[in-house]
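In what follows, chains carry the letters A, B, and so on, assigned in the order in which the sequence lines appear, proteins first and then strands, with residues in each chain numbered from 1. Keep in mind that this is a model prediction, so the values were computed, not measured.
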There are 2 protein chains.
Amino acid sequence: MKDLKRKKLKARGWTIGSAADFLDLTAEEAEYIQMKFALARLLVTKRHHKNYSQTELANRIGSSQSRVAKLERGDPSVSMDLLVHSLFALGVTRKELARAIGARRGRRPEVSVE
Amino acid sequence: MKDLKRKKLKARGWTIGSAADFLDLTAEEAEYIQMKFALARLLVTKRHHKNYSQTELANRIGSSQSRVAKLERGDPSVSMDLLVHSLFALGVTRKELARAIGARRGRRPEVSVE
DNA sequence: TCATACTATGTCAGATCCGACATGATTGCA
DNA sequence: TGCAATCATGTCGGATCTGACATAGTATGA
């Protein structure tokens with residue numbers, strides 16, 4: 001767990017199929033991906049609460065439908081920066097964000113509908 | 001608050017001097033920067049707890065001293081991805097991360113010394 | 001004063017990510 | 001069935017970020 005570069009390269013094209021595919025990931029990678037997915041789920045939830053399509057959301061944050069789709073999938077090609085920016089653009093607070101990140105998977109993030 | 005691109009460009013060289021320089025930032029930008037700083041502070045705290053120099057930390061995460069300095073300063077040139085990766089590499093948990101993000105400024109993040 | 005350790009700042013080439021576009025899959029409705 | 005709406009996936013040029021390096025500032029001790 002000493003070389004971050006190696007991980008980054010490897011992570012570029014992760015092969016998530018089943019739920020147990022985190023097996024050959026380091027603890028650090030797993031934490032990062034889980035966090036990314038937590039943010040992605042929050043984004044989907046928020047968008048649904050506002051009844052936006054991916055295209056509508058894309059327009060609001062100055063992006064494209066395809067990128068929004070990737071955001072919501074936790075695609076390796078999207079950064080946390082973009083996820084976080086998008087969430088804040090949707091009116092999510094740091095507190096909500098924190099809750100989503102800290103929550104154990106399975107429990108719903110417990111979002112409020114603004 | 002409709003165009004994320006505009007903000008990103010503007011944010012590239014923010015001019016933080018005094019504490020009240022967030023004045024011409026949108027709420028979204030402010031949230032993002034505050035979150036970034038929260039992560040940066042957590043990184044410094046964790047590093048100090050482990051008695052690492054910036055150089056030592058840099059080696060452990062496969063980076064350089066200068067980049068660590070920028071990470072800890074919340075420099076506009078570093079991403080949240082790198083911050084989060086570095087924190088996880090230091091053994092921080094998602095729970096700790098969430099606490100740091102959700103905490104109001106002023107209150108210490110309440111980290112544990114591992 | 002000098003030397004050593006630590007941190008901050010600027011720069012750059014190469015790596016990565018972005019918005020945009022094309023295209024396919026799926027669903028539901030006429 | 002045809003059609004419109006929605007979401008997924010691949011690709012690409014350009015924008016952004018990264019590690020590395022050089023260099024400067026600061027503090028401590030000899």
Side-chain angles (χ1 to χ4, degrees), chain A residues 2-17 29 32-33 36-37 39-41 43-87 89, chain B residues 2-17 29 32-33 36-37 39-41 43-87 89:
Chain A
K2 216 159 200 177
D3 189 17
L4 199 140
K5 183 185 292 184
R6 180 180 58 76
K7 284 174 230 142
K8 278 196 306 187
L9 291 175
K10 194 170 135 211
R12 285 292 286 100
W14 57 56
T15 31
I16 288 175
E29 281 172 313
Y32 175 79
I33 293 178
K36 200 163 176 178
F37 283 2
L39 296 178
R41 286 194 301 272
L43 185 65
V44 176
T45 306
K46 276 292 173 180
R47 179 171 67 80
H48 285 162
H49 277 157
K50 301 209 169 193
N51 286 316
Y52 293 158
S53 66
Q54 290 182 344
T55 305
E56 283 169 343
L57 174 55
N59 291 337
R60 285 172 181 276
I61 66 176
S63 183
S64 57
Q65 178 269 325
S66 63
R67 183 101 357 230
V68 171
K70 282 160 192 163
L71 277 169
E72 295 184 352
R73 286 307 195 84
D75 191 282
S77 81
V78 302
S79 70
M80 263 187 203
D81 289 69
L82 190 59
L83 268 166
V84 169
H85 271 300
S86 304
L87 286 167
Chain B
K2 214 159 201 177
D3 188 18
L4 200 140
K5 183 185 293 183
R6 181 181 57 76
K7 284 172 232 143
K8 278 197 306 186
L9 291 174
K10 195 170 136 213
R12 283 293 286 99
W14 57 56
T15 31
I16 287 174
E29 283 173 312
Y32 175 79
I33 294 179
K36 199 163 176 178
F37 283 2
L39 296 178
R41 286 194 300 271
L43 185 64
V44 175
T45 307
K46 276 292 174 181
R47 179 171 67 80
H48 285 162
H49 278 156
K50 300 208 170 193
N51 286 317
Y52 294 157
S53 66
Q54 291 182 343
T55 304
E56 283 168 344
L57 174 55
N59 290 338
R60 284 171 183 275
I61 66 176
S63 182
S64 56
Q65 178 270 324
S66 62
R67 185 115 334 247
V68 172
K70 283 160 193 163
L71 277 168
E72 295 184 350
R73 284 308 192 86
D75 190 283
S77 82
V78 302
S79 70
M80 261 186 204
D81 289 70
L82 190 59
L83 267 166
V84 169
H85 271 300
S86 304
L87 285 167

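Remark: P of D:dT6 and NZ of A:K50 are 18 Å apart, rounded to the nearest angstrom. One atom, CZ of A:R67, and another, P of D:dA8, lie 14 Å apart when rounded to the nearest Å. If you take CE of B:M80 and P of C:dC17, they are 16 Å apart, rounded to a whole angstrom. In this structure, the CZ atom of A:R47 is 10 Å from the P atom of D:dT6, given to the nearest Å. Look at CD1 on A:I61: it is 11 Å from C1' on C:dC18, rounded to the nearest Å. Atom-to-atom, CD of A:E56 to P of D:dC7 comes out at 9 Å; the value is rounded to the nearest Å. If you take CG of A:L71 and P of C:dG19, they are 8 Å apart, rounded to a whole angstrom. In this structure, B:L57 places its CG atom 13 Å from P of C:dC6, rounding to the nearest Å.
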Distances for protein N or O near nucleotides 26-30 of chain C N or O, under 3.5 Å:
none

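Closest approach to the A:S79 side chain among C:dA8, C:dC17, D:dA8 is made by C:dC17 (side chain taken as heavy atoms from C-beta onward). Among D:dT18, C:dC18, C:dA20, the nucleotide with an atom closest to any side-chain atom of A:S64 is C:dA20. Taking the side chain of B:A69 as heavy atoms from C-beta on, and the options C:dC18, D:dG19, C:dT9, the nearest nucleotide is C:dT9.
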Contact state string [nucleotides 23-30 of chain D, B base, S sugar-phosphate only, - no protein heavy atom under 4.0 Å]: --------

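Residues passing the salt bridge (charged side-chain N to carboxylate O under 4.0 Å, His left out) test with A:R67, sequence neighbours excluded: none. Listed by chain and number, the residues in a side chain to side chain donor-acceptor pair (under 3.5 Å) with B:Q65 are B:Q54 (sequence neighbours excluded).
The minimum heavy-atom distance between B:A40 and B:G74, with the atom names listed, is CB-N, 4.1 Å. B:A58 and B:S64 make their closest contact through CB-C, 3.3 Å (heavy atoms, listed as atom of the first residue, atom of the second, distance). The two residues A:S77 and A:D75 make their nearest non-hydrogen contact at N-OD1, 2.7 Å.
End-to-end axis angle for the helix from C:dT1-D:dA30 to C:dC29-D:dG2, using five pairs per end and rounding to 10°, comes out at 30°.
In this structure, A:S77 does not reach the C:dC17 phosphate: none of its side-chain N or O atoms is under 4.0 Å from OP1 or OP2. Residue A:R73 places at least one side-chain N or O closer than 4.0 Å to OP1 or OP2 of D:dA8.
Considering only heavy atoms from C-beta on, A:L39 comes within 4.5 Å of A:M80 through its side chain. At least one side-chain heavy atom of B:K36 sits under 4.5 Å from a side-chain heavy atom of B:V78. Between B:L71 and B:L57 the shortest side-chain heavy-atom distance does not fall below 4.5 Å.
Between the side chain of B:S66 and the base of D:dC21 there is at least one donor-acceptor pair of N/O atoms closer than 3.5 Å.
To the nearest 0.5 Å, atom CZ of residue A:F37 and atom CG of residue A:L83 are 10.5 Å apart.
Taking for each of A:Y52 and B:D81 the nucleotide of DNA chain D with the nearest heavy atom, the 5'-most of the two is the partner of A:Y52. In this structure, B:K70 and B:S53 both approach DNA chain C, and ranking their closest nucleotides by distance from the 5' end singles out B:S53.
Note on B:V68: nothing from the nucleic acid sits closer than 4.0 angstrom, heavy atoms only.
Put simply, the residue from B:H48, B:R41, B:K46 that forms a side-chain contact (heavy atoms from CB on, under 4.5 Å) with B:V44 is B:H48.
Ion pairing between a basic and an acidic side chain is recognised when a charged N comes within 4.0 Å of a carboxylate O; B:E72 and B:R47 show such pairing.
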